[in-house]
Amino acid sequence: MKWVYMAPDFVPLNEAKVDIRTHGFSYGTLVFEGIRGYWDDESQQVYIFRLKEHFERLTRNGRILKYEMSTTPDGLVEICRELVRKNGYQQDIYVKPIGYKGLPDTLGVTLTQAPDEFLMYTFPLGKFLATDRALKVCVSSWHRVPDNAIPARGKIGGAYINSALAKSDAVAAGFDECIMLTSQGNVAEGSTSNLFLVTGGGLVTPPVTEDILVGITRQTIMEIASTELGLSVTERVVNRSELYMADELFFCGTGAEVAGIGEVDSRRIGSGQIGPITRQLQDLYFQVVHGRLPNYRSWCTPVYE
Ligand code: PMP
């Protein structure tokens, strides 16, 4: 039997039901997180990556929706560990916590007319994007949602319509993924991942003010790139044409991990294969998330005692 958490209880998956009148279901009024746990055979352990940071982000993002998280990030960490233990996973997993607006008192979109509810579930997950070959991507004709429409940094359920439109059209046109621009026409991010350019031997990525989700993997990459590889990391506005001229390009995200890009809008990037710096960062990232580098061990929360 699989278990999920529906605050304040752990319940069997087949008994976990949400009322059809739920505000969050009608309007996408919810904030969520996507978290990965990695199975390490050697230590017989699941390590959940940067777990507390995810719950801190969820708690902060809730403020946009006037959503009050009733449990502290530390409390959520313990609930999450317990949930994974109850399910007994011995493989790579994904954890999805959702803070949502519940049953409203009457019709309306007001954020304060429905109570704040919380649930969390987990399931096995392998690759989300290919990381063993270079991806073919396009620039999407769908712009990223601007901050004064639906804040992209909020990881708000309803905002993922924007990602769904962009990704679906990219896949239907034969691409693996897409790169989204801001409504000003600058480079923002992938449909569900952040983007880095390798140019002049350093990393460049759009700043947090460019309608991106402020990724935890993005921050991880910035840190390990400068500390472990001595690379310069610059956050600045990126024009579309810079994509075509970059030495390397890669996406990063909890789901995406570190995924190299070989082609954008049918223009080859570098050699068309995963670039050498991207490869180094991929290798480092996979070591870090599996708890194999002592300096970053504090980012990996073990599940089993
Ligand atoms: N951008 C978007 C739109 C996303 O949905 C995600 C996945 N959460 C990311 C970037 C990457 O963020 P993170 O590294 O925190 O998973």
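Atoms within a ligand are numbered from 1 in the order they appear, just like the ligands themselves.
In this structure, Gln219 has no heavy atom closer than 4.0 Å to ligand 1. Taking 4.0 Å as the cut-off, Arg57 counts as a neighbour of ligand 1 on heavy-atom distance. The shortest heavy-atom distance from Gly34 to ligand 1 is not under 4.0 Å. Ligand 1 is never approached by Arg153 to a heavy-atom distance shorter than 4.0 Å.
Evaluated for a salt bridge (Lys or Arg N to Asp or Glu O under 4.0 Å) with Glu33, the options Lys155, Lys96, Arg57 yield exactly one hit, Arg57.
Nearest protein heavy-atom neighbour of atom 1 (N) of ligand 1: Glu189 OE1, 2.6 Å. Atom 6 (C) of ligand 1 has its closest protein heavy atom at Thr192 O, 3.2 Å. The protein non-hydrogen atom at the shortest distance from atom 14 (O) of ligand 1 is Thr217 OG1, 2.6 Å.
Applying the 4.0 Å criterion to heavy atoms of Asn194 picks out, from ligand 1, the atoms 10 (C), 11 (C). Each of the following atoms of ligand 1 lies closer than 4.0 Å to a heavy atom of Thr254: 13 (P), 14 (O), 16 (O). Listed by number with element, the atoms of ligand 1 under 4.0 angstrom from any heavy atom of Lys155 are 5 (O), 7 (C), 8 (N). Ligand-side atoms of ligand 1 in range of Gly215: 12 (O), 13 (P), 14 (O), 15 (O), range being under 4.0 angstrom from any heavy atom.
Taking both residues in full, the closest heavy atoms of Asn61 and Val31 are given as O-CG1, 3.9 Å, listed atom of the first, atom of the second, then distance. Considering all non-hydrogen atoms of both residues, Val303 and Arg85 come closest at O-NH1, 2.7 Å.
When the side chains of ILVMFWY residues are joined at heavy-atom separations under 4.5 Å, either directly or via intervening members, Ile79 and Tyr67 end up in a single hydrophobic cluster. No path of Ile, Leu, Val, Met, Phe, Trp and Tyr side chains, each step under 4.5 Å between heavy atoms, connects Phe251 with Val233, placing them in separate hydrophobic clusters.
Some N or O of Tyr160 is nearer than 3.5 Å to an N or O of ligand 1, by distance alone. When only interatomic distances are considered, the shortest N/O to N/O separation between Ser163 and ligand 1 does not fall below 3.5 Å. Taking any N or O of His54, backbone or side chain, none lies under 3.5 Å from an N or O belonging to ligand 1. When only interatomic distances are considered, the shortest N/O to N/O separation between Arg144 and ligand 1 does not fall below 3.5 Å. Residue Ser191 has no nitrogen or oxygen atom sitting less than 3.5 Å from a nitrogen or oxygen atom of ligand 1, judged on distance alone. By the 3.5 Å distance cut-off applied to N or O atoms, Ile216 is counted among the residues near ligand 1.
Checked against the 6.0 Å centroid criterion, the rings of Phe32 and Tyr160 qualify as a close aromatic pair. Checked against a 6.0 Å centroid threshold, the rings of Tyr47 and Tyr38 do not count as neighbours.
Inspection of the Thr278 and Glu248 side chains reveals an N or O donor paired with an N or O acceptor under 3.5 Å.
No donor-acceptor pair under 3.5 Å is formed between the side chain of Arg81 and the backbone N or O of Ile48.
Below 30°, between 30° and 60°, or above 60°: for Tyr296 and Trp299 the angle between ring planes is between 30° and 60°, a tilted geometry.
Figure legend: Lys101 and Tyr27 shown without cation-pi pairing, the cationic atom not lying both under 6.0 angstrom from the six-membered ring centre and within 45 degrees of its axis.
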